[in-house]
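Below: the structure, in structure tokens.
Given the structure is predicted, the values throughout are model-derived calculations rather than measurements. Every chain is numbered from 1 and lettered A, B, ... according to where its sequence line falls, protein lines coming before strand lines.
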Amino acid sequence: MNNTIQKYLTQTHNFNNEFIIQAIHCYLVHLLVSLMRSNYSFNGEPTTPCSSKGATSSQAKALTTTIINHLRLGRLGKAVSVLFSAPVPVHFALYAHLFRICASNKAIVEVRKVESHLVSFAPTPPVFLLNRAIEAYGKCGCLVDARELFDEMPQRDGGSWNAMVTAYSQNGYAGKALAVFSDMHKSGVFAAEVTFAGVLASCASTLALWLSRQVHALVLKYGFGGNVILGSSLVDVYGKCRRMGDARRMFDEIERPNAVTWNVIVRRNLEMGNGKESVFLFFKMICLNARPLTFTVSNALVACSSFRGFREGIQIHGLIIKINFEEDEVVSCSLIDVYAKCGDLVCARTIFDLLSTKNLIHWTSMVSGYAMSGKTRQAREIFDRMPERSVVSWNAMLAGYAHNSQWDEAMELINLMCNNMRDTDRVTVSLILNVSAGLSDLELGKQVHGYMYRHGFYSDLSVANALLDMYGKCGNLRKARAWFYEMSYFRDMVSWNALLSSYARHKMSEEALVIFWEMQQEVTPSKFTFATLLAVCANIFACEQGKQIHGFLIRNGYDLDIVIRGALVDMYSKCRLLEYSLNVFIGTSVKDVVLWNSLMLGCYHNKQSEAILKLFELMKEDGVKPDSTTFQAVLLACISQGCVKLGRQYFNSLSQDYFIIPQLEHYESMIKLYGLHGFFDELEDFVEKMPFQPTAPMLGRVFDSSKEYNNTRLGKWASVLLQSFGQVDTSLLVDFGTFLVSQIAEYCSDTKYFTRAKYCREVDLLKVLELMNTYIIRAHQFFEL
DNA sequence: CTAGGGTTAG
């Protein structure tokens, strides 16, 4: 009794007068009872109202009616306080009923009162009612009370142990649940089916595979093998422990799987990355006429998104309409996502527009759908119209800009985000690092580094890898290397690949090979590693090593995806093995624009320009849409083939037919095309109509051609303009750095510089300045300026 | 009288 009073008084949350009054009330009742017991030696056997006699019995009956009336009107608190108006036990069924209602209302105070009434007025409360009390405490999350009662019980039965196991397992104390189960087993108490449910749930959350196998054996030994719920839990345990073979075997053993069983097997397959298997099982379920849960439909849809299963997605959509799941929040969110991820944005939008109520996730799915399909303008429209936004919404929009290399827009959004959003998360931080890398903005990157340090993102692997990538892409290899060593205790293969590709990107090919050697001591290289290594080989003309990697990939059954094939085509063509390139190209069933571009540029490097124009036609026949790089290759072909008119046609169709904005390289190619073949009228006309002032290398090109064809007027014009570039400052060079180096290097016929400049963001500025100056000096000398 | 699964978006 004093325990009960103490409980009220030590309630730390919601400590107010009510508690004190309750405590005093309890205490008074207690005194009254003691008095009655001493006077009337109240010591009945199993105390029920039926066994009591006379006035007590009628009092209990009246009380029961009052309590039940209060309960009918939903007044639990009143019902329980009325209980205390009589110092007599009520019918055990009423106690059980009260415990159950308290549990479902999570009314902890009432549970304590009912328990106190029970133990005060029923001299020997039956074990089953105390078990109900433990269960009620468990449902209210009061494990301390549950455990105290459990420990103080004079007798226990299987139900008591079960109540304790269930209470711990349902409140997330899996370890304690398993410990209680272990004690129970040691005490020789046989577990019931329900107990195993709690035990298996705890095994699943602690990923205790070894214990699960033992429990599995016990389940079979006790003859519960046919229980669907235990079977489903076992499928769940094996699935969560990543033992999909065992999970599947267990699943196949279940004779009549129910909706939950199907949900588990579909979900676990999805989590393990077996999207196709997940969808296959879902269809199997439908074929067996089982009605799926909304979650299962959602899981199947997410599985479709994972492998771009458009046709499967449409079929599931049909089913959704048939079983009337269209308006379900979770299902409709996943449905929009499937259409968006499979690229059918019109359909996604239709579903979105037809929804009677749209939630935050619907809006965000739509933003992400547009953003990741490159339609950032539409994504932004939706984003701006959103009634509310979460971190995920902001991230979706930002990811869209980052994914499509719209760095300025990304930066603007980040600033907006700073003013409108208080919280950021790991994805935001990673994305801002990607933007820093994209803009080569080392200062921004360093700020994020500091932010990470202050806000505890330091030890998050994916954020740490993004930071490493940022330092690498911004060209600060020393920082990258330092951070990489700081990551020693938690880095993974992605970290190694990021470091490797940083060295490769900066053409530090020999160093990259050393890193490759080091990384093999720690992790197993992936296909990303090999794609990078092939680029390294291409850079240092290491055709033997390139061939070895190719062979290694084939021998070890690596998936030669489009990226690897692109790298192979590139490597072979740079190593002057164009036939090898062609073989890889022909062996690729579905060719993308990058692969076509690699082969076309390969032809250019191997002086096979005439093939480029033919390839261009074949590419169009193949239904692949050319991009700006394709046109760069085509224009280069026109230059070396002397196809001036054709070149002009291609340049015009670039913007007119393909809606590609011509880049500096395209303008430069046209100037080279006209200049090299002496088309000065067209050249002048072209330069005049350009939407920007000619750059120094363009003028250099004009100057060169003029010199070649003795066009003094144009040559002078070019060199006068070139003079203004004499005081060229380094900030200008950063903007045009890559471009300048490639032009100057090409002018100097320096292969080393040519290959460097082509892939390198960071350039040797001093070298460029030096080359620029010699160039300008020579111009001056020629025209005696 | 008590059990199992699960929250979609970056």
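Scanning atom types as modelled, one donor and one acceptor separated by under 3.5 angstrom connect the side chain of Arg132(A) and the base of dC1(B). With hydrogens and angles ignored, a donor-acceptor pair closer than 3.5 Å exists between the side chain of Asn258(A) and the base of dG4(B).
Ser390(A) comes within 4.0 angstrom of a nucleotide base, judged by non-hydrogen atoms across all strands. Heavy atoms of Asp425(A) sit under 4.0 angstrom from at least one base atom. In this structure, Val264(A) reaches the sugar-phosphate backbone alone: every heavy-atom distance under 4.0 Å involves primed, P, OP1 or OP2 atoms, never a base. The residue Arg426(A) sits apart from the nucleic acid: no heavy atom pair falls under 4.0 Å. Among the atoms of the strands shown, only primed sugar atoms or phosphate atoms (P, OP1, OP2) are found under 4.0 Å from some heavy atom of Arg267(A).
Nearest nucleotide to the Glu193(A) side chain, out of dC1(B), dA3(B), dA9(B): dA3(B). Out of dT7(B), dA9(B), dG6(B), the shortest distance to the side chain of Phe295(A) is found at dG6(B). Side-chain atoms of Lys240(A) lie closest to dG6(B) of the nucleotides dC1(B), dG6(B), dT8(B). Candidate nucleotides dA3(B), dT8(B), dA9(B) were compared by shortest atom distance to the side chain of Ser334(A), and dT8(B) ranks first. Here the nucleotide nearest the side chain of Leu360(A), chosen from dA3(B), dA9(B), dG6(B), is dA9(B).
For Tyr95(A), the ring-ring contact (aromatic ring centres under 6.0 Å, His included) criterion is met by His117(A), not counting sequence neighbours. Remark: Arg132(A) pairs with Glu135(A) by the salt bridge (charged side-chain N to carboxylate O under 4.0 Å, His left out) rule, at least two apart or across chains. Residues forming a salt bridge (charged side-chain N to carboxylate O under 4.0 Å, His left out) with Glu277(A) (at least two apart in sequence, or on another chain): Arg248(A). The ring-ring contact (aromatic ring centres under 6.0 Å, His included) check on Phe383(A) picks up Trp394(A), with sequence neighbours excluded. Judged as a salt bridge (charged side-chain N to carboxylate O under 4.0 Å, His left out), and not counting sequence neighbours, the contacts of Lys341(A) are Asp337(A). For the salt bridge (charged side-chain N to carboxylate O under 4.0 Å, His left out) test, residues two or more places apart in sequence or in another chain that qualify with Asp460(A) are Arg426(A). Residues that satisfy the ring-ring contact (aromatic ring centres under 6.0 Å, His included) test with His455(A), not counting sequence neighbours, are Tyr451(A). Listed by chain and residue number, nothing satisfies the ring-ring contact (aromatic ring centres under 6.0 Å, His included) test with Phe280(A) (two or more places apart in sequence, or in another chain).
For the pair Asn263(A) CG and dT8(B) C1', the interatomic distance rounds to 13 Å; values are reported in whole Å. Per the geometry, NZ belonging to Lys358(A) stands 16 Å off C1' belonging to dA9(B), to the nearest Å. Atom CZ of Phe352(A) and atom C1' of dA9(B) are 12 Å apart (whole Å). Here dT2(B) presents its C1' atom at 15 Å from CZ of Phe196(A), a figure rounded to the nearest Å. Spacing between atom CG of Leu200(A) and atom P of dT2(B) amounts to 19 Å, rounded to whole angstrom units. Rounding to whole angstrom units, NE2 of residue His362(A) and P of dA9(B) are separated by 11 Å. If you measure from atom CE of Met366(A) to atom C1' of dT8(B), you get 15 Å, rounded to the nearest angstrom. Between the C1' atom of dT8(B) and the CG atom of Leu355(A) lies a distance of 13 Å, rounded to the nearest Å.
You'll find the side chain of Trp407(A) stays beyond 4.5 Å of the side chain of Asp441(A), heavy atoms only. Within the 4.5 Å cutoff, side-chain heavy atoms of Ile336(A) are placed close to those of Leu355(A).
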Chi angles and distances behind the side chain to side chain contact (heavy atoms under 4.5 Å, CB included) call for Met386(A), Leu360(A): CA-CA 8 Å; Met386(A) 286 178 79; Leu360(A) 176 62; 3.7 Å; yes

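Regarding contacts with the backbone of dG4(B), every side-chain N or O of Arg268(A) stays at 4.0 angstrom or more from both OP1 and OP2.
Residue pairs satisfying the side-chain hydrogen bond (donor to acceptor under 3.5 Å, both in side chains) criterion with at least one member in residues 214-229 of chain A, sequence neighbours excluded, are listed as follows: Glu193(A)-Asn227(A), His216(A)-Tyr238(A).
A heavy atom lying under 4.0 Å from DNA chain B marks the following residues of residues 337-345 of chain A, by number: Asp337(A), Lys341(A). Across residues 169-184 of chain A, Gln170(A) each have a non-hydrogen atom less than 4.0 Å from an atom of DNA chain B (numbered order). Only Asn227(A), Val228(A), Ile229(A), Ser232(A), Ser233(A), Asp236(A), listed by number, bring a heavy atom of residues 217-236 of chain A to less than 4.0 angstrom from any atom of DNA chain B.
To the nearest 0.5 angstrom, Ile101(A) atom CD1 is 11.5 Å from Glu110(A) atom CD.
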